[in-house]
Asker: 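For reference, the structure I am asking about is given below.
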Number of protein chains: 2
Amino acid sequence: MNKAKLKKTLNRAEEHCREHGTRFTEKRKHILQLLLQSEVPLSAYELATHYQSAFGETIPAMSVYRILDFLMAETLVHKLNSANKYTACEHIACDHQHEVPQFLICERCQNVKEVGIEPSIIAALADEIERAGYHLTQPQIELHCLCERCFSAS
Amino acid sequence: MNKAKLKKTLNRAEEHCREHGTRFTEKRKHILQLLLQSEVPLSAYELATHYQSAFGETIPAMSVYRILDFLMAETLVHKLNSANKYTACEHIACDHQHEVPQFLICERCQNVKEVGIEPSIIAALADEIERAGYHLTQPQIELHCLCERCFSAS
DNA sequence: CAGTTCACGATATAGCGTATCGTTCATGGC
DNA sequence: GCCATGAACGATACGCTATATCGTGAACTG
Ligand SMILES: [Zn+2]
Ligand SMILES: [Zn+2]
Ligand SMILES: [Zn+2]
Ligand SMILES: [Zn+2]
C-alpha cells in the first residue's frame, strides 16, 4: 500500500472512530498501520515484534490483543480464525456499508483477499442451513486457495 | 450415539483401514470412539484427558496428535480449523464416497453437524473465486450458527 | 477539580501445536 | 522360530496463541 493511500485510509479510520464516539489512539493507529502495510496477515505476537522495529518502542502482547479487539469491534480489522492471524479490512476507505467478510487465503504465500461474495450465494447457503435445522449467525467464510501467482508457479 | 451404532461404525472404520492397508490399532480405535461418543468436538488435550477417564490409562498428547493425523488422513475424523478441535466424520458408516465436508457449528452449545452442501452452491462459490483470481483448493467450509435448540432458547 | 471511565502495563497461567530422538511392537522373508 | 524392517508410540523440550487479573495513569465530564 502506497503512502498516500495509507494516509487516507488511516484518516478515514480516525473519522470512523470519531463518528462512533471511540478513541483512535496512537497505538491503535500504529497497529492498524502495520496491518495495512503488511502483505500477509499477522499474529498478535508478530505485530508486537513489528511494532518494535517500526516505531522503536516495545508493546506488550496483551496490549496488542486489546487493540486488536478494539479494531475488530470497529470492523477495521478482521481475524482469520483458521490461521489465528489478523488482517486489515480492505474496505475502510469505501463508502458502502461493510458486508459479510469472506476471505480467500493463499495456501502458499498467505496472501489474503477480502471479497464480497454474491448475496444470492450467501442466501442459498443460509437456505441450505435452515433446512438442516441451523441458523446462520456470522457467515464469515474463509477459503483456502491458491492465488494467481502461486497457481501459475505450480 | 447408541452402543449398537457405535460398534457398527467402529467395525466399518476397521474395515476401511484394512482396505487401505493401514492399521486400526487399539489406541486409534479408542480415540475414534471418544470422538464418536462426544456431543461436541474435542481438542487433542481434551481427548487425552477423556482417554484417561474412559480407558484408565494415560496417553501423551503427542500420541493423540499423531493418531488424529492418521484418522484425518483416513477421513474418519475432521479438524475444525476455526476452533482447533476435532470431530468424528458422520459418514463413516455410509456407503457413498466422502464429499467435501461442510460444518455447521453451534456458537452456544458447540454442537456440530456435518452437512453436504448443494454442489451447485459450491460451484457458484468456486466460480466467484475464480473471478477474483484465486483457485479453490480445499473447499471445507465452517459456518458459525445456532442450532435449533439454542435458537429456540434465545 | 473531583469523579468516572477508558486505555494501557505487568504478571501469571492455560491451551494448542511441533520438533526430535529413542523405544517398542507388528510383520514378512528367511 | 529369528532377525531385519518399518510403523506406532513414548518422553522431553520448546514455541506460539490467548485469557485472566490486578494495578496505574490518562482522558473526558459535569
Ligand atoms: Zn472488511
Ligand atoms: Zn499465493
Ligand atoms: Zn466426514
Ligand atoms: Zn446449540
Side-chain angles (χ1 to χ4, degrees), chain A residues 13-14 17-35 38 40-52 55-74 76-87 105 110 142, chain B residues 13-14 17-35 38 40-52 55-74 76-87 105 110 142:
Chain A
E14 185 166 11
C17 288
R18 201 164 38 238
E19 286 168 5
H20 285 64
T22 56
R23 293 184 218 159
F24 193 60
T25 66
E26 273 301 295
K27 289 178 197 293
R28 287 169 175 177
K29 183 176 177 178
H30 284 162
I31 293 293
L32 180 57
Q33 179 179 339
L34 288 174
L35 286 175
S38 173
V40 296
L42 299 173
S43 74
Y45 281 78
E46 286 169 343
L47 279 166
T49 304
H50 288 208
Y51 198 103
Q52 163 73 24
F55 305 110
E57 50 179 297
T58 64
I59 185 168
M62 271 307 309
S63 293
V64 177
Y65 276 107
R66 261 191 306 243
I67 289 169
L68 288 170
D69 285 342
F70 169 83
L71 293 173
M72 284 190 288
E74 300 290 338
L76 297 171
V77 161
H78 302 294
K79 176 175 186 178
L80 302 178
N81 291 311
S82 60
N84 292 322
K85 291 183 188 292
Y86 303 83
T87 186
I105 307 166
Q110 314 308 318
E142 302 172 22
Chain B
E14 186 165 11
C17 289
R18 199 163 40 236
E19 288 168 3
H20 284 65
T22 55
R23 293 185 217 158
F24 193 60
T25 66
E26 273 302 296
K27 290 179 197 293
R28 289 169 175 178
K29 183 176 178 176
H30 284 162
I31 293 293
L32 180 56
Q33 179 180 339
L34 288 175
L35 286 174
S38 173
V40 294
L42 299 173
S43 74
Y45 282 78
E46 284 168 344
L47 279 166
T49 304
H50 289 208
Y51 198 103
Q52 163 73 23
F55 305 110
E57 49 180 297
T58 64
I59 185 168
M62 270 307 310
S63 294
V64 177
Y65 277 108
R66 261 190 306 243
I67 289 169
L68 288 171
D69 284 343
F70 169 83
L71 294 173
M72 284 191 287
E74 299 291 339
L76 297 171
V77 161
H78 303 295
K79 176 173 186 179
L80 302 178
N81 291 311
S82 62
N84 292 323
K85 291 183 189 292
Y86 303 82
T87 185
I105 307 166
Q110 315 308 318
E142 302 172 22

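Letters go in sequence order (proteins before strands), and every chain restarts at 1. Here the structure is a predicted model, which means the values were calculated and not measured.
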Asker: Phosphate oxygens OP1/OP2 of D:dC9: is one of them under 4.0 Å from a side-chain N or O of B:Arg28?
Answerer: yes

Asker: What's the closest nucleotide to the side chain of A:Lys85 if the choices are C:dA10, D:dT17, C:dA7?
Answerer: D:dT17

Asker: Base, sugar-phosphate alone, or nothing: which one does B:Arg66 contact when heavy atoms must sit under 4.0 Å apart?
Answerer: base

Asker: Specify the closest pair of heavy atoms between B:Leu35 and B:Tyr86, including all atoms of both residues, with the distance to one decimal.
Answerer: CD2-O, 3.4 Å

Asker: By nearest heavy atom, map B:Ala44 and A:Phe70 onto DNA chain C; which one lands nearer the 5' end?
Answerer: A:Phe70

Asker: Mind calculating the distance between CG (B:Asn84) and P (C:dG15) to the nearest angstrom?
Answerer: 14 Å

Asker: Quick one: on DNA chain D, does B:Ile67 or A:Ala61 contact a more 5' nucleotide (nearest heavy atom)?
Answerer: B:Ile67

Asker: Please examine the side chains of A:Asn81 and B:Asn81, heavy atoms only from C-beta on, and report whether any two atoms are closer than 4.5 Å.
Answerer: no

Asker: How long is the line joining CZ of A:Phe55 and P of C:dC8, in whole Å?
Answerer: 14 Å

Asker: Whether B:Thr25 contacts D:dC9 is assessed here as follows: a side-chain N or O lying under 4.0 Å from the phosphate OP1 or OP2. Is that the case?
Answerer: yes

Asker: Could you give the CG-to-C1' distance, from B:Asp69 to C:dG17, as a whole number of Å?
Answerer: 10 Å

Asker: Where the side chain of A:Met62 is defined as all heavy atoms beyond and including C-beta, which of C:dT11, C:dG17, D:dG10 is the nearest nucleotide?
Answerer: C:dT11

Asker: Check the distance between D:dA8's P and B:Phe24's CZ and give it to me in whole angstrom.
Answerer: 13 Å

Asker: Starting from P on C:dG15, measure out to OH on A:Tyr65 and report it in whole angstrom.
Answerer: 15 Å

Asker: Quick one: CG on A:Leu68 to NZ on A:Lys79, what's the gap to the nearest 0.5 Å?
Answerer: 9.0 Å

Asker: Base, sugar-phosphate alone, or nothing: which one does A:Tyr86 contact when heavy atoms must sit under 4.0 Å apart?
Answerer: sugar-phosphate

Asker: Give the rounded distance in Å between these two atoms: CZ of A:Arg18 and C1' of D:dA27.
Answerer: 17 Å

Asker: In whole Å, what is the span from the OH atom of B:Tyr51 to the P atom of D:dG10?
Answerer: 8 Å

Asker: Between D:dC9, C:dC16, D:dA18, spot the one nearest the side chain of B:Ser63, thanks.
Answerer: D:dC9

Asker: Indicate the ring-plane relationship of B:Tyr65 and B:Tyr45, choosing parallel, tilted or perpendicular according to the 30° and 60° boundaries.
Answerer: perpendicular

Asker: With a cut-off of under 6.0 Å to the ring centre and 45° to the axis, is A:Arg28 in cation-pi contact with A:Phe70?
Answerer: yes

Asker: Which one, C:dG17, D:dA11, C:dC8, comes nearest to the side chain of A:Lys27?
Answerer: C:dC8

Asker: Using whole Å, what does the distance between atom P of nucleotide D:dC9 and atom CZ of B:Arg23 come to?
Answerer: 8 Å

Asker: Please confirm whether the shortest side-chain N or O distance from B:Lys79 to OP1 or OP2 of C:dG17 is below 4.0 Å.
Answerer: yes

Asker: Ignoring hydrogens and angles, are the base of D:dA18 and the side chain of A:Tyr45 linked by a donor-acceptor pair under 3.5 Å?
Answerer: yes

